[in-house]
*Asks:* 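Handing you this structure, nothing more for now.
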Amino acid sequence: MLVDCGWDTADTLEALEGHTRALDIQLGDIRHLVITHIHPDHYGLAGRLREMSKAELSFHRLERLYIESRYANADGLLGEMHEWLRLNGTPADELDKLNFGSMGILNRVRIAFPDHTLDGGEEIPCGRFAFRVIWTPGHSAGHVCLYDERHKILLSGDHVLPHITPSVGLHVRSPSNPLADYMDSLVLIGRLEAELVMPGHGEPFQGLPERTDALLAHHERRLVEIVELLGARPGLSMTGYEIASRMNWSSRRTWDDLSGFERRLAVTEALAHIELLHDRGQVRKSFADGEIKYFVPDPATV
Ligand SMILES: [Zn+2]
Ligand SMILES: [Zn+2]
């Protein structure tokens, strides 16, 4: 069984072949390919691998829904995303830069539809291991982690990473409140008694509850940062783009240093936080002059 497979590029395939050779098996021996979520760096090679190995492919049913719009019919999504970025305050001269920022990845994905869709709760046997599928929406709507309870091993995909904060963004076809989903999923996963976490990026690590706590604390700080920005003076209201451009994204780089793709990620991440604040009643939303704006409610009216 292989969990996640990387981009559809020659060097990814070569690296994977090297790793399987070291285990004394060939790519053709893979019988089951499980994908934690269909981001191109986890799923891109799935179509090619299935041709090479006849492996059965499994991923969550919600990820299956996104294949069509993300990869097979990307033009429709681009049009919707363009309008949505505009509604959220992206300046006209930046719209194309933000919208097309992720198009380069399309040629690194060979799509494949799953043989089995997962819902969470299934047990996937693999030799002396048995992995339970845990649905962990947030980073992606149908993200799953795999947990072997007996060996206390968690395959965490992009849900929990050792050094970087997984991106959680609200975009045009997101579920309603992805950051709330993500934080709930962190609490759920943080309760596991995993002794070893094998993430989708970086080295295996220990200390799962400390890491999930740190990620939760990071998002709470971001929520406070936004409330402070919006509450700087009475009557202030800002679009998602304006809020994103005033948030802190890096200790070394300013908003001007960010590429179109990075700015788009920043806008979607800011909006995920704003949506959660909106849900908690800490931020309100208005529609004026063709744009969505956010503000902190006047304490006298709460
Ligand atoms: Zn991802
Ligand atoms: Zn990833």
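Ligands are counted one by one from 1 in listed order, and the atoms in each one are counted from 1 as well.
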*Asks:* Would you check if there is a donor-acceptor pair between the side chains of Tyr241 and Glu94 at a distance under 3.5 Å?
*Replies:*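 Result is yes, a qualifying pair exists.
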*Asks:* Asp115 and salt bridge (Lys or Arg N to Asp or Glu O under 4.0 Å): which partner among Lys54, Arg50, Arg31?
*Replies:*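 Single pass found, and it is Arg50.
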*Asks:* Can you list, by chain and residue number, the protein N, O or S atoms under 2.8 Å from the Zn ion (ligand 1)?
*Replies:*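 Sorted hits: His37 NE2, His39 ND1, His139 NE2, Asp158 OD2.
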*Asks:* With a 6.0 Å cut-off on the ring centroids, do Trp84 and His171 count as close?
*Replies:*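 No, ring centres 6.0 Å or more apart.
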*Asks:* Decide, yes or no, whether a salt bridge links Arg222 with Glu225 under the criterion of side-chain N to carboxylate O below 4.0 Å.
*Replies:*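 Yes, this pair counts.
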*Asks:* Could you measure the distance from the CZ atom of Arg252 to the CG atom of Asp257? Nearest 0.5 Å is fine.
*Replies:*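 It is 10.5 Å, given to the nearest 0.5 Å.
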*Asks:* What residues form a ring-ring contact (aromatic ring centres under 6.0 Å, His included) with Tyr182, not counting sequence neighbours?
*Replies:*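 If we apply the ring-ring contact (aromatic ring centres under 6.0 Å, His included) test to Tyr182, skipping adjacent residues, the hits are His159, His219.
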